[in-house]
Amino acid sequence: MSALATSPGILETDVLGALLKRHYGLSGEIEILSSEVEQTAEIRLPIGERLIFKTASERPAVESFRFQSAALIALEGSKGFVAPTILRTLDGAAMFEEAGVSGYLQTLVEGAPLHREARSPDLLDRCGRALAHLDRALALHDDLPGAHRPVLWHIGCWPRLIELERHLPEGEMRQAVARAMRDYLRRVEPVLGDVPWQVTHNDPSPFNTLAAGERIAFIDFGDGGFGPRIQDLAIAASHQVADPASPLGGAEHLIAGYGSILPLSKLETTLLVGLMKARQSALILINHWRASLFPSETAYIMKNVARAKTGLAILDRQSPGEGEAAVRAALAASSR
């Protein structure tokens, strides 16, 4: 948990400018953006083009940047979704490494983050389809560097997260988190080895999913790595549980879209809601903990927490059998 227990080292704009010039031969206006682990800056070139420059002064970032840049290169030319494109350094590398700092430069994808868009069945269906196309493309590249690096958001770390329960306020939400994590440990984790594993994005949240006209884009691959394929769907769907009148809170449409491209196995269908609840709980646990460490950054850290609490309250009402039945119904609707 150490990576998320420290703030990213902040490089001043003049240092970023020197790195940009030295490794890419470029210069422009630099705006530092909000970020949790890596430093992210927007670069506006004199010709008006906008780029994203990711850097870090911490050694663990090297493996993360190796993964991120390799994943984006692997996705070049893929169909069904949009992703940023890596700009090569002056010596043709996907990223740069020098004493004390590493990073990479990518295109900026234009689009509206999903959390700013009006939810509609059509939009969620398109998001699900695009995510399935992304997973299908990533499945071809299991040998990416850094794919097996430790990431706190990786599902393998979830059993440890219950240690963070002390940071939650007393009440029903804390009890729902405890129930979800117990269900995950008892019913889901023991059989995760029986579902397909591959490289995944691992954080297709409404902040990392963009509506780019009729296309759907995915950004920020910093939490990606090797894990259960179904995890991407569980994460994306968990963020769309918002309507108490619907069995899956409206996430049915995203699940249906995904399943129309990548059909779910019986076991994946059985586990999906349990994974969604565990992911919501993981998000609540980790971000309450991080907010206690960095109170000045609480607003940014907690940006997804209210959504996770709402979604968990809806899914918590269902038994595992009811959740599975709701997923089956959503998948059946996609095949009609």
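Only heavy atoms go into these numbers, but all of them, side chains included; no hydrogens, no water, no symmetry mates.
Distance alone, capped at 3.5 Å, places no donor-acceptor pair between the His201 side chain and the Asn208 backbone. A donor-acceptor pair under 3.5 Å links the side-chain atoms of Thr298 to the main chain of Pro295, judged by distance alone. His154 contributes a side-chain N or O that, together with a main-chain N or O of Phe226, makes up a donor-acceptor pair within less than 3.5 Å. Side-chain N or O atoms of Asp232 include one that pairs as donor or acceptor with a backbone N or O of Asn202 at under 3.5 Å. With hydrogens and angles ignored, the 3.5 Å screen pairs no side-chain donor or acceptor of Gln318 with any backbone N or O of Leu315. For the pair Arg116 (side chain) and Pro113 (backbone), a donor-acceptor distance under 3.5 Å is absent. In this structure a side-chain-to-backbone donor-acceptor pair under 3.5 Å is present from Glu252 to Leu248. Put simply, the side chain of Glu38 never gets that close to the backbone of Ala56: no donor and acceptor are under 3.5 Å apart. In this structure a side-chain-to-backbone donor-acceptor pair under 3.5 Å is missing from Arg328 to Thr269. Of the possible donor and acceptor atoms, none in the side chain of Arg126 sits under 3.5 Å from a partner among the backbone N and O of Pro121.
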>> Between Arg44 and Glu31, is the salt bridge (charged side-chain N to carboxylate O under 4.0 Å, His left out) condition met? List the steps.
In response: CA-CA 8 Å; Arg44 186 180 294 272; Glu31 178 185 357; over 6 Å; no

> When you look at Glu268 and Arg229, which way does the salt bridge (charged side-chain N to carboxylate O under 4.0 Å, His left out) test go after all the steps?
Replying inline: CA-CA 9 Å; Glu268 289 173 317; Arg229 181 180 65 197; 3.6 Å; yes

>> Evaluate Arg290 against Glu297 for salt bridge (charged side-chain N to carboxylate O under 4.0 Å, His left out), listing each step before the verdict.
In response: CA-CA 9 Å; Arg290 296 202 74 243; Glu297 301 294 327; over 6 Å; no

> Does the pair Gln68 and Ser64 meet the rule for a side chain to side chain donor-acceptor pair (under 3.5 Å), with working shown?
Replying inline: CA-CA 6 Å; Gln68 293 177 53; Ser64 178; 2.8 Å; yes

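Between Gln240 atom CD and Leu254 atom CG the span is 6.0 Å, to the nearest 0.5 Å. In this structure, the separation between CZ on Phe221 and CG on Asp203 is 10.5 Å, given to the nearest 0.5 Å. With rounding to the nearest 0.5 Å, the separation of CG in Leu267 from CG in Leu192 is 8.0 Å. Here the CZ-CZ distance, from Arg149 to Phe67, works out to 5.5 Å after rounding to the nearest 0.5 Å. Expressed to the nearest 0.5 Å, how far CG of Leu105 lies from CG of Leu87 amounts to 5.0 Å. Atom CD of Gln198 sits about 10.5 Å away from atom CG of Leu144, to the nearest 0.5 Å.
No side-chain donor from either of Asp122 and Ser120 sits under 3.5 Å from a side-chain acceptor of the other. Between the side chains of Asp135 and Tyr258, at least one donor-acceptor pair of N or O atoms lies under 3.5 Å. No side-chain donor from either of Gln231 and Thr200 sits under 3.5 Å from a side-chain acceptor of the other.
Linking Ile, Leu, Val, Met, Phe, Trp and Tyr whenever their side-chain heavy atoms come within less than 4.5 Å puts Leu285 and Leu185 in one cluster. In terms of hydrophobic clustering, with Ile, Leu, Val, Met, Phe, Trp and Tyr side chains grouped at heavy-atom distances under 4.5 Å, Val151 and Ile301 are assigned to a common cluster. The hydrophobic cluster containing Val305 also contains Trp153, counting ILVMFWY residues as joined when their side-chain heavy atoms lie under 4.5 angstrom apart, directly or transitively.
Contact detail for Ala242 and Ile314: the closest heavy-atom pair is C-CD1, 3.6 Å. Taking each heavy atom of Leu264 and Gly259 in turn, the nearest pair found is CD1-CA, 4.3 Å. The shortest heavy-atom contact between Leu11 and Ile32 is O-CD1, 3.7 Å. Nearest heavy-atom pair, Ser102 versus Val62, reported as atom, atom and distance to 0.1 Å: OG-CG2, 3.7 Å. Scanning all heavy atoms of the two residues, the minimum distance from Ala308 to Leu283 falls at CB-CD2, 3.9 Å.
With contacts defined as side-chain heavy-atom distances shorter than 4.5 Å, the pair Ile216/Leu131 does not qualify. Looking at Val188 and Trp158, their side chains never come closer than 4.5 Å, going by heavy atoms from C-beta outward. Side-chain contact between Met276 and Ile235 is absent, with no heavy-atom pair separated by less than 4.5 Å. Residues Ile43 and Leu16 fail the side-chain proximity criterion, which asks for heavy atoms closer than 4.5 Å.
Residues satisfying the salt bridge (charged side-chain N to carboxylate O under 4.0 Å, His left out) criterion with Arg66, sequence neighbours excluded, are Glu63, Glu97.
The side chain to side chain contact (heavy atoms under 4.5 Å, CB included) with Leu51 is formed by just one residue from the set Leu20, Leu108, Leu45; it is Leu45. Applying the salt bridge (charged side-chain N to carboxylate O under 4.0 Å, His left out) test between Glu165 and each of Arg174, Arg182, Arg179 identifies Arg174 as the sole match.
Between Asp316 and Lys309 there is no salt bridge, since none of the side-chain N atoms of the basic residue sits less than 4.0 Å from a carboxylate O of the acidic one. A salt bridge links Arg186 and Asp183; the closest N-O separation between the charged side-chain nitrogens and carboxylate oxygens is under 4.0 Å. Remark: Arg50 engages Glu110 in a salt bridge, criterion side-chain N to carboxylate O under 4.0 Å.
With Phe65 as the aromatic partner, Lys54 does not meet the cation-pi criteria of under 6.0 angstrom to the ring centre and within 45 degrees of the ring axis.
Classified by interplanar angle (parallel below 30°, tilted 30° to 60°, perpendicular above 60°), the ring pair Phe96/His23 is parallel.
With ring centers used as reference points, Phe81 lies 6.0 Å or more from His133.
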